[in-house]
Protein chains: 2
Amino acid sequence: MPTKKKPQVTASPARRSELLGTAAEVFAEQGYNATTVRKIADHAGMLAGSLYYHFDSKESMLEEILRTFLDELWDGYDTVLDAELGPRETLEALVIESFREIDRHRAAVAIYQKESKHLASQERFAFLADSQRKFEKAWLSTLERGVAAEVFREDLDIRLTYRFVRDTVWVAASWYRPGGQHGPEEIARQYLSMVLDGIAVRT
Amino acid sequence: MPTKKKPQVTASPARRSELLGTAAEVFAEQGYNATTVRKIADHAGMLAGSLYYHFDSKESMLEEILRTFLDELWDGYDTVLDAELGPRETLEALVIESFREIDRHRAAVAIYQKESKHLASQERFAFLADSQRKFEKAWLSTLERGVAAEVFREDLDIRLTYRFVRDTVWVAASWYRPGGQHGPEEIARQYLSMVLDGIAVRT
DNA sequence: GGGCTTCCCTAACAAGTGTTTGGTAGGTTA
DNA sequence: TAACCTACCAAACACTTGTTAGGGAAGCCC
């Protein structure tokens, strides 16, 4: 009795993630919808059909790219959150961790930024919405803790502040280039300095 | 001697901009490439081919949407810059003006955010790159003036600060909804408070 | 009323899309 | 050497895409 074909199971994991890497970069650069499977294949030095030996659809490539990224992101985030640091230290650690993820998964982050909004409504990408909710929860509670502990200003709209910090961090993926003059930790330090203390001179 | 067809010249400007409005919203929501002309036509209550009575291509719709937005944006920006205010006041005015533009052209701003990067390299959309350069120049000089006048901190990387402020402002278009509880001026005020003074309590 | 313009529809086109099927070169195993 | 597996190619598939050509209904001008 023949089982359903699952071509990607037999393929070597190394080649798989290599192809996913090039796919991610094309997706990030051109946008998911504007990227044809033939373009991906070109970048990989093969023909379009050959991709289907490793993956069973273009969409499944996208899914795997985003899943891999989010899994690793939450590994880092959960470690920070479980450490139960003070609110300011938690915020700093989350920001630093975020820039490290941008450094590691620049393409995936860029894709996430551009596509997640209209993907999250599809059932297949429900994990994006889940992650987003978890993300919001972690940040909001950290900010609220900070206000309660009087380390963050209490005259600010918490939800607005959340979006401010969140966007500020992740948008960096659109211009960040790994291997540039500033490493992720250095950029995180400067961002934190601006977010926490502002850019105006203290009078 | 027959001249080239220019269908859109005879069409009424009101209907034109009405259609551009719905097109912009679909583009913003689904992304330009993921938006088919049939979807736009659906939202407008007509058939795909009928759009070509008003416009001569899908791309020309995108171009007109972005051009209209940028023209109005620079009207506001130039007014601010020509006023030759102090650096801090200039920054405040630019941010306020930006949020007003987001309020007025939410869809166009969202499209600009998502698509401008890979569009700017096309000759047809060279005006995007021009605008970007002009934009960068205005912001950088304002920040530099501020550092020289000792109203902005001098220990910050100017280019990083520029990207920080720029992204902080424009990303808001991805979640901002006109008619919400906060008007553009109120959001601008809170953003400025965070950017200038930071979110940490002053010790 | 006859012509003209405005605005849309019907129906199709060619090009490009993601995907499938069958085949095959080259290495590994028996 | 024979059987087998891996990783790809070649060629096609059904479908969607942006776009076009011709036509027609409704309103306005003479």
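Please read these numbers as outputs of a predicted model, since none were measured by experiment. Just so it is clear: chains get the letters A, B, ... in the order the sequence lines come, proteins before strands, and each one is counted from 1.
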Starting at the 5' end of DNA chain C and moving along, which residue's nearest nucleotide shows up first, A:A34 or A:G49?
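Per heavy-atom nearest nucleotide, the more 5' residue is A:A34.
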How many Å lie between [atom1] on [X] and [atom2] on [N], as a whole number?
| X | N | atom1 | atom2 | result |
| --- | --- | --- | --- | --- |
| B:I40 | D:dG18 | CD1 | P | 8 Å |
| A:K58 | C:dG18 | NZ | P | 4 Å |
| B:L51 | D:dG18 | CG | C1' | 11 Å |
| A:R16 | D:dA7 | CZ | C1' | 14 Å |
| A:Q30 | C:dT17 | CD | C1' | 15 Å |
| B:L62 | D:dG18 | CG | C1' | 14 Å |
| B:F55 | C:dC8 | CZ | P | 11 Å |
| A:Y32 | C:dG18 | OH | P | 8 Å |

Of the candidate nucleotides [options], which contains the atom at the shortest distance from the side chain of [X]?
| X | options | result |
| --- | --- | --- |
| A:S50 | D:dC8, C:dG18, D:dT19 | D:dC8 |
| A:M46 | D:dG18, C:dT19, D:dC9 | D:dC9 |
| B:V37 | D:dC8, C:dT19, D:dG18 | D:dG18 |
| A:Y52 | D:dT19, C:dG18, C:dC8 | C:dG18 |
| A:Y53 | D:dG18, D:dA7, C:dC8 | D:dA7 |
| A:L47 | D:dA7, C:dT19, D:dA10 | D:dA10 |

Sugar-phosphate, base or nothing in reach of B:S60, heavy atoms under 4.0 Å:
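No contact.
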Across the strands shown, which category fits B:T36 at heavy-atom distances under 4.0 angstrom: base, sugar-phosphate, nothing?
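It contacts sugar-phosphate atoms only.
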Looking only at side-chain N and O atoms, does A:S98 offer a donor or acceptor that is under 3.5 Å from a partner on A:W170?
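On atom types as modelled, these side chains do not qualify, holding no pair under 3.5 Å.
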Main chain of B:P13, side chain of B:S17: is a donor-acceptor contact present, judged purely on distance under 3.5 Å?
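The answer is yes, because a donor-acceptor pair under 3.5 Å joins these two groups.
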So, is B:H54 near the phosphate of C:dT6, with a side-chain N or O under 4.0 Å from OP1 or OP2?
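Indeed not, no polar side-chain atom of B:H54 lies that close.
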Between A:R15 and D:dC8, is there a contact of a side-chain N or O with OP1 or OP2 at under 4.0 Å?
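Affirmative; the distance criterion is met.
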Looking at C:dG18, does its base get a donor-acceptor pair with the side chain of A:R38 below 3.5 Å?
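Such a pair exists between side chain and base.
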Is A:E29 salt-bridged to B:K117, cutoff N-O under 4.0 Å?
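No, this pair does not count.
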Would you call B:R189 and B:E185 a salt bridge, taking side-chain N to carboxylate O under 4.0 Å as the test?
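B:E185 and B:R189: not salt-bridged.
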Once the angle between the rings of A:F125 and A:F127 is folded into 0 to 90°, is it parallel (under 30°), tilted (30 to 60°) or perpendicular (over 60°)?
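A:F125 and A:F127: tilted rings.
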